[in-house]
Amino acid sequence: MTATMREPAKLELQTPSRPVAPALKLTPAQEIALLARVLFREGYDDHLAGHITYKQEDGTFLVNPFGLPWDEVCASDIMRMDADGNRLDGPWTITQAIPLHVELHRARHDVTVAVHNHPRWSTVWAGLARVPEIYDQTSAFYTGEVAVLQEYWGAVDDIDNAREVVSTMGSAGVALLANHGILVAAKDIDQAYLRAMCFEWRARQAWHIEALGGGQAVHPDVVHAFGDWFNTNTFPGLFPAMARREIRRDPSVLS
Ligand SMILES: [Zn+2]
């Protein structure tokens, strides 16, 4: 007998009438430092690799410095660059790999925050040049397109290579760069955290499940009914909760 599936109810979160958590008043430099720290805990921890850019209203960009692992970055370490990737201020060095971000921001004016790294679980799938299935609810917080660049050959500072990534990515929010890592595009810090975190979670769950012989992926209708809302909305209180955890762990992140 074939079971008939009932129509899954679409999730639309209501705006809570009371605050979901204590408000955090953060400067943009504090936000990007905290994003680096919380993503480090999620698996974005490949030594000195990885960069985050954060577009500001004046057209400049904040960026984490080269040379500091993501769990070491404080707000005062954050650099500022122009739209071409030239250093404007900040105490350290900007990565030579910045063309990837420069080209992405040049092409995608909807992107305020871009995150690149070689997180441990997503990079396994980048090695396969395959998009992991969605096996659970947390994996479904991003239901948008995942682009796959099947060959990633260029050097990190190669502008043509960066343009090819951006062209392949199109309007996707997540791109896997074969044998390399991931690029996440987002409209703000909260969305950048949600997308980067949930794709890494998805990559980890899918690996474990497929290593055990394979399971049943969540039905696409259920995935979209649950997750589509988060493609344009913020998960209330999520990034602030993770940021508070990081501040409890090391208050110097704000300095
Ligand atoms: Zn890289």
A.B. asks: Met197 and Thr138: which non-hydrogen atoms are nearest, and at how many Å?
C.D. replies: SD-CG2, 4.1 Å
A.B. asks: Using side-chain heavy atoms (C-beta onward) and a distance below 4.5 Å, is Leu11 in contact with Phe230?
C.D. replies: yes
A.B. asks: Do side-chain atoms of Arg108 reach the backbone of Gly170 as a donor and acceptor pair under 3.5 angstrom?
C.D. replies: yes
A.B. asks: State whether the number of non-hydrogen atoms from other residues, nucleotides or ligands found under 6.0 Å of Trp229 atom CH2 is greater than 12.
C.D. replies: yes
A.B. asks: State, with a plain yes or no, whether a side-chain heavy atom of His208 is found less than 4.5 Å away from one of Trp121.
C.D. replies: yes
A.B. asks: Is Asp71 salt-bridged to Arg41, cutoff N-O under 4.0 Å?
C.D. replies: no
A.B. asks: According to a 4.5 Å side-chain heavy-atom criterion applied to Ile, Leu, Val, Met, Phe, Trp and Tyr, with indirect links allowed, do Tyr193 and Val63 form part of one hydrophobic cluster?
C.D. replies: yes
A.B. asks: Is there a side-chain contact between Leu34 and Glu31 in this structure, where contact means two heavy atoms from C-beta onward sitting under 4.5 Å apart?
C.D. replies: no
A.B. asks: Looking at Glu72 and Leu68, would you say the former's side chain and the latter's main chain have a donor-acceptor pair under 3.5 Å?
C.D. replies: no
A.B. asks: For Tyr44 and Ala196, indicate whether the former's side chain and the latter's backbone hold a donor-acceptor pair under 3.5 Å.
C.D. replies: yes
A.B. asks: Hey, is CD on Glu145 packed in by over 12 heavy atoms from elsewhere, all under 6.0 Å?
C.D. replies: yes
A.B. asks: Atom CZ in Phe61, atom CG in Asp84: separation rounded to 0.5 Å?
C.D. replies: 9.5 Å
A.B. asks: On a heavy-atom basis, which atom in Ala75 and which in Ala33 lie closest, and how many Å separate them?
C.D. replies: N-CB, 3.8 Å
A.B. asks: Are Tyr142 and Leu35 connected into the same hydrophobic cluster when the rule is that any two of I, L, V, M, F, W, Y join if their side-chain heavy atoms are below 4.5 Å apart?
C.D. replies: yes
A.B. asks: List the atom of Ala217, the atom of Glu133, and the distance in Å for their closest heavy-atom pair.
C.D. replies: CB-OE1, 3.8 Å
A.B. asks: Which atom pair, heavy atoms only, marks the closest approach of Asn64 to Ile78?
C.D. replies: CA-CD1, 4.1 Å
A.B. asks: Are Val111 and His105 packed together at the side-chain level, in the sense that at least one heavy-atom pair is separated by less than 4.5 angstrom?
C.D. replies: yes
A.B. asks: I would like to know whether Arg202 and Val131 meet side chain to side chain contact (heavy atoms under 4.5 Å, CB included); could you show each step before the answer?
C.D. replies: CA-CA 10 Å; Arg202 171 177 170 178; Val131 178; 3.3 Å; yes
A.B. asks: Assess whether atom CD1 of Ile159 is packed by more than 12 heavy atoms of other residues, nucleotides or ligands within 6.0 Å.
C.D. replies: no
A.B. asks: Would you find a donor on one side and an acceptor on the other, under 3.5 Å apart, between the side chain of Lys187 and the backbone of Thr232?
C.D. replies: yes
A.B. asks: Kindly indicate whether the side chain of Glu210, heavy atoms from C-beta on, has any atom under 4.5 Å from the side chain of Tyr135.
C.D. replies: yes
A.B. asks: Are Leu100 and Val102 grouped together when hydrophobic residues (ILVMFWY) are joined by side-chain heavy atoms under 4.5 angstrom apart?
C.D. replies: no
A.B. asks: Distance from Ile98 atom CD1 to His51 atom NE2, nearest 0.5 Å?
C.D. replies: 6.5 Å
A.B. asks: With a 3.5 Å cut-off and no angle check, do the side chains of Thr112 and Asp188 form a donor-acceptor pair?
C.D. replies: no
A.B. asks: Apply the test side chain to side chain contact (heavy atoms under 4.5 Å, CB included) to residues Glu164 and Leu149: give CA-CA distance (whole Å), side-chain angles for both, the deciding distance (0.1 Å), then the verdict.
C.D. replies: CA-CA 8 Å; Glu164 194 180 343; Leu149 186 72; 4.2 Å; yes
A.B. asks: Tell me if a side-chain donor or acceptor on Lys10 pairs with a main-chain N or O of Asp228 at a distance below 3.5 Å.
C.D. replies: no
A.B. asks: A side-chain contact here means heavy atoms from C-beta on lying under 4.5 Å apart; do Arg80 and Asp58 qualify?
C.D. replies: yes
A.B. asks: Distance from Asn231 atom CG to Arg195 atom CZ, nearest 0.5 Å?
C.D. replies: 6.0 Å
A.B. asks: Would you say the side chain of Leu24 lies within less than 4.5 Å of the side chain of Arg244, judging by non-hydrogen atoms?
C.D. replies: yes
A.B. asks: Under 4.5 Å between side-chain heavy atoms, counting indirect links through other Ile/Leu/Val/Met/Phe/Trp/Tyr residues: same cluster for Leu177 and Leu128 or not?
C.D. replies: no
A.B. asks: Taking the six-membered ring where the residue is Trp, are the ring centres of Phe199 and Phe141 under 6.0 Å apart?
C.D. replies: no
A.B. asks: Locate the shortest heavy-atom distance separating Pro8 from Asp221; write the atom from each residue and the value.
C.D. replies: CG-O, 3.5 Å
A.B. asks: Any side-chain heavy atom of Leu26 within less than 4.5 Å of one from Leu254?
C.D. replies: yes
A.B. asks: Crowded around Arg249 CZ? As in, over 12 foreign heavy atoms under 6.0 Å?
C.D. replies: yes
A.B. asks: How many angstroms lie between CG in Asp82 and CZ in Arg87, if you round to the nearest 0.5 Å?
C.D. replies: 11.5 Å
A.B. asks: A cation-pi test, strictly: NZ or CZ of Arg204 under 6.0 Å from the centre of the six-membered ring of Trp201 and no more than 45 degrees from its axis. Yes or no?
C.D. replies: yes
A.B. asks: Would you say that more than 12 heavy atoms from the other residues, nucleotides or ligands in this model lie under 6.0 Å from the CZ of Arg120, or not?
C.D. replies: no
A.B. asks: So Met169 and Val166, side chain to side chain contact (heavy atoms under 4.5 Å, CB included) or not? Walk me through it.
C.D. replies: CA-CA 5 Å; Met169 191 171 189; Val166 172; 5.6 Å; no
A.B. asks: Please report the shortest heavy-atom distance between Phe66 and Ile94, naming the atom on each side.
C.D. replies: CB-C, 4.2 Å
A.B. asks: For the atom pair CZ (Arg37) and SG (Cys74), what is the distance rounded to the nearest 0.5 Å?
C.D. replies: 5.0 Å
A.B. asks: Please report the interatomic distance CG(Asp45) to CH2(Trp70), rounded to the nearest 0.5 Å.
C.D. replies: 10.0 Å
A.B. asks: Short question: side chain of Thr27, backbone of Gln30 - any donor-acceptor pair under 3.5 Å?
C.D. replies: yes
A.B. asks: Please tell me whether Val73 and Val184 are part of a single hydrophobic cluster in this structure, the criterion being side-chain heavy atoms less than 4.5 Å apart.
C.D. replies: yes
A.B. asks: Test your reading of the model: is there a side-chain donor-acceptor pair from Gln205 to the backbone of Ile134, 3.5 Å cut-off?
C.D. replies: no
A.B. asks: Yes or no on side chain to side chain contact (heavy atoms under 4.5 Å, CB included) for Leu238 and Asp190, after CA distance, side-chain angles and deciding distance?
C.D. replies: CA-CA 8 Å; Leu238 178 61; Asp190 290 64; over 6 Å; no
